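What follows is a set of notes on a single structure, which appears directly below.
Nothing here was measured: the structure is a model prediction, and the numbers come from that model.
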Amino acid sequence: MTLTGRFYRALTVRLVRTLGLCAAAVLFVSSLASAQQIPLAGTTTLQTGDFISSGDSDVTQAEYPGQVDTDQGPGPFPGSIVNRSLSVGSGKGASVNSGKKAKSNPQFNLGFEGLNFYQQRYSRGGNQFSVEPPDQGMCAGNGFVLEAVNDVLNVFNTSGQSVLPDNTSTNIVSGFPRNVNHAVDLNSFYGYPPAINRSTGVRGPFVTDPSCLYDAATQRWFVVVLTLDTLPNGAFTHVNHLDIAVSQTADPTGSWNIYKIDATNDGSNPSPSNACPCLGDYPHIGADAYGFYITTNSYPWAGDGFDGAQIYALDKAQLAAGTASVNKQHIDTFGLVNVPSDAGSTQPGFTVWPAQSPGTYSFNLNSGGTEYFLSSNAADEANNPVSGSAGPRTSKQLVVWALVNSSSLDTAPALNVSNRVLSVNQYGVPPKQQQPGSGTLATTATPQGYCINDTTTLLFNGATGCWRLLVFPEPAHNEVISRPDANDTRMQEVMYANGKLWGALDTALNPDSGAQRAGIAWYIVSPSSGKLAMQGYLGASGYDFTYPAIGVTPSGRGVMAFTATGDITNPSAAFAPIDAIVGVGPWNVINGGAGAVQDDGFTSYKAQVGNPPRTRWGDYGAAAVDGNSIWIASEYIANACNYTNWGGPFFAGGSGDNLLGTCGGASHGPGVRTALGNWSTRISRLTP
């Protein structure tokens with residue numbers, strides 16, 4: 001019998017939260033340094049790499065990649081933080097009423113469950129870690145939908161069926177084939193050894209933060225991840241790089257080219273306390289007519305400071321052609337925002353999110369090609385980057401960035417970047433989300449939490465108390481239903497469509513003059529005039545809305561995706577229309593996206609991650625435009641699993657899967673969850 005619950009109590013983490021906006025401006029212009037080139041690093045296909053199947057002979061049951069979120073207290077394994085946020089408190093939000101009906105009237109076409117925790121954990125023969133949150137990247141085009149999460153990838157047709165080869169028969173875990181719906185782990189895709197070889201305990205590189213884009217102009221697929229190199233024992237070497245996969249054709253199931261950008265020594269903050277080596281955290285991607293862009297948040301491995309957002313501009317045509325080397329220009333945004341702060345006379349950029357454009361003709365060709373970005377500045381990173389101390393965690397400013405002369409990337413890159421600070425309605429770091437029963441003792445509907453509290457259930461080996469399957473030493477047995485993360489103050493997905501910039505972020509709101517809840521602040525900007533076209537909030541009494549992502553067609557009709565939770569609503573995939581005439585319209589849970597039960601992930605419980613726990617959720621969703629359709633993706637809880645089925649044969653007299661907590665039954669799956677988590681993703685297509 002394989003018992004998946006015993007583990008090293010450490011985890012890798014990230015935090016995200018955001019807020020609001022009106023209109024005044026400051027401009028800063030910078031000429032940037034000479035370009036470099038990055039070589040072609042190799043090729044790959046979407047197939048699982050070599051592995052030894054995990055099972056009863058495993059020398060380790062480690063579930064987490066060996067790092068601790070020190071923002072939440074110490075843990076048993078000291079080390080640097082992966083996927084950070086310095087803003088851990090709340091900020092001031094605003095009062096809000098429900099939105100009016102928008103011109104955009106999305107019609108639901110179809111939806112399906114995307115990647116889930118079971119597929120993530122048991123791909124590549126079970127040589128994966130349990131991971132929260134999923135970090136959902138999704139893109140669509142040419143008859144395909146590609147989804148990448150931490151740490152697996154799948155490609156679907158437009159009806160929702162995977163088009164990758166069926167790998168069930170070879171995906172043996174604990175003696176049985178495991179159906180992961182053809183998913184391929186990201187370590188395999190990028191040519192790395194397994195995340196963990198469970199027969200030897202040797203760790204492979206740690207791959208995280210996937211993003212993807214289908215560029216209709218070049219008919220190429222782009223998938224970007226952050227990869228952290230490790231020693232065989234799992235310790236980070238501090239070397240980290242952005243791995244860029246580019247399809248060789250318009251078919252994502254074929255061959256891909258791989259390029260790599262070293263992010264280890266980027267970040268120019270002169271403070272000794274913030275010296276590199278640095279971590280290129282939270283990468284996100286965008287494109288204009290000529291360039292492909294990746295932005296990161298640069299953190300020093302030592303200390304709690306911040307070294308500014310980094311922008312990497314690459315020649316898109318060279319990437320699409322698979323040339324032996326590609327022109328690249330690096331831009332460090334530290335001190336480029338002309339707003340006084342503890343950083344000096346200026347602020348660093350923080351989560352400077354690059355825009356994507358729909359179709360082939362929505363790019364701005366002015367000034368030799370222009371790419372736009374949006375960022376917010378309520379976070380501690382923007383205000384106290386050197387000290388890492390608390391900032392205001394609230395703001396009335398939105399930063400609009402323009403990078404011009406992108407056509408020069410093809411020959412002699414000579415880019416210039418400017419930004420304008422717009423006055424907007426107030427936004428602030430939101431409180432955590434509520435879900436039904438938050439703060440009350442875990443129930444059998446949340447079987448992992450209930451198991452940690454359980455001292456009476458008789459186990460298969462004659463011992464008493466379910467907690468013995470999951471933790472050691474004996475915990476306090478007081479785990480409660482959690483309040484999931486509600487993001488911090490950083491910008492979320494940005495689009496440039498119909499001559500406007502569209503973006504949204506998470507904020508504290510007072511939807512009913514009661515306690516603050518998590519809500520969304522959204523913005524439509526006319527970048528050519530440097531003015532705010534529209535802004536607003538989305539919130540509702542008794543609900544929390546988090547992790548927005550906006551898709552907009554070339555004609556300006558849009559859809560905003562997000563997760564909706566609430567006092568009586570389990571974590572669900574939701575959406576609302578958006579356009580530049582009315583703004584955001586009424587919201588709804590998407591068809592098939594209603595949450596089946598509360599979140600029951602390992603990051604919710606003190607016995608597993610320390611006190612206070614930090615229930616990881618989302619980190620980001622996604623939206624993608626495909627012709628007249630908009631595909632949206634959000635995290636939700638797709639399936640319930642009762643306590644008896646969760647325990648299966650690990651409970652005396654029980655039956656079912658020989659992997660704890662999968663609820664896979666006697667057929668050994670596919671399971672609806674794992675012992676340590678139950679997140680899933682929802683992908684839907686709408687016509688606005």
Side-chain heavy atoms of [X] within contact of [Y], under 4.5 Å:
X	Y	answer
L226	V207	no
V184	L164	yes
L46	L153	yes
F206	T208	yes
T158	W631	yes

Do the side-chain N and O atoms of [X] and [Y] include a donor-acceptor pair separated by under 3.5 angstrom?
X	Y	value
Y293	D288	yes
N257	Q248	yes
R178	Y122	no
N154	E147	no
D215	T218	yes
H284	T295	no
S680	E113	yes
D281	N297	no
Q36	Q329	no
D251	T249	no
Q136	Y547	no
Q310	T296	no
R124	S188	yes
N364	Y372	yes

Do the side chain of [X] and the main chain of [Y] share a donor and acceptor less than 3.5 angstrom apart?
X	Y	answer
N405	A414	yes
E132	T603	yes
T563	E635	yes
N142	A250	yes
Q356	G286	no
N419	V399	no
T681	L115	yes
T170	N167	yes
N240	H238	yes
R198	G126	yes

To the nearest 0.5 Å, what is the distance between [atom1] on [X] and [atom2] on [Y]?
X	Y	atom1	atom2	value
L374	M495	CG	CE	12.5 Å
S376	L505	OG	CG	5.5 Å
D315	Q37	CG	CD	10.0 Å

(message) Evaluate W256 against F189 for ring-ring contact (aromatic ring centres under 6.0 Å, His included), listing each step before the verdict.
(response) CA-CA 9 Å; W256 296 65; F189 181 51; 5.2 Å; yes

State which residues pass ring-ring contact (aromatic ring centres under 6.0 Å, His included) with [X]; sequence neighbours excluded, sorted by chain then number.
X	answer
W502	none
Y214	W221
F156	F112
Y259	none

Could you go through S375 and W401, starting from their C-alpha distance and side-chain angles, then the distance that decides it, and tell me whether this counts as side-chain hydrogen bond (donor to acceptor under 3.5 Å, both in side chains)? CA-CA 8 Å; S375 67; W401 303 72; 2.9 Å; yes

Taken in chain and number order and not counting sequence neighbours, the residues that satisfy salt bridge (Lys or Arg N to Asp or Glu O under 4.0 Å) with R220 are none

From the list N150, V152, L186, V180, side chain to side chain contact (heavy atoms under 4.5 Å, CB included) partner of Q128 resolves to V152

Q.
Is it the case that over 12 heavy atoms from other parts of the model lie below 6.0 angstrom from the CD atom of Q219?
A. no

Query - Atom CG of N233 with >12 non-hydrogen neighbours under 6.0 angstrom - result: yes

Go through the steps to decide whether Y496 and E371 satisfy the test side-chain hydrogen bond (donor to acceptor under 3.5 Å, both in side chains), and finish with yes or no.
CA-CA 9 Å; Y496 176 73; E371 168 70 0; over 6 Å; no

Residue pairs meeting side chain to side chain donor-acceptor pair (under 3.5 Å), one or both in residues 222-232, sequence neighbours left out, come to T227-D243, D229-H241

ask   = With under 30° as parallel and over 60° as perpendicular, where do the rings of Y282 and W353 fit, or are they tilted in between?
value = perpendicular

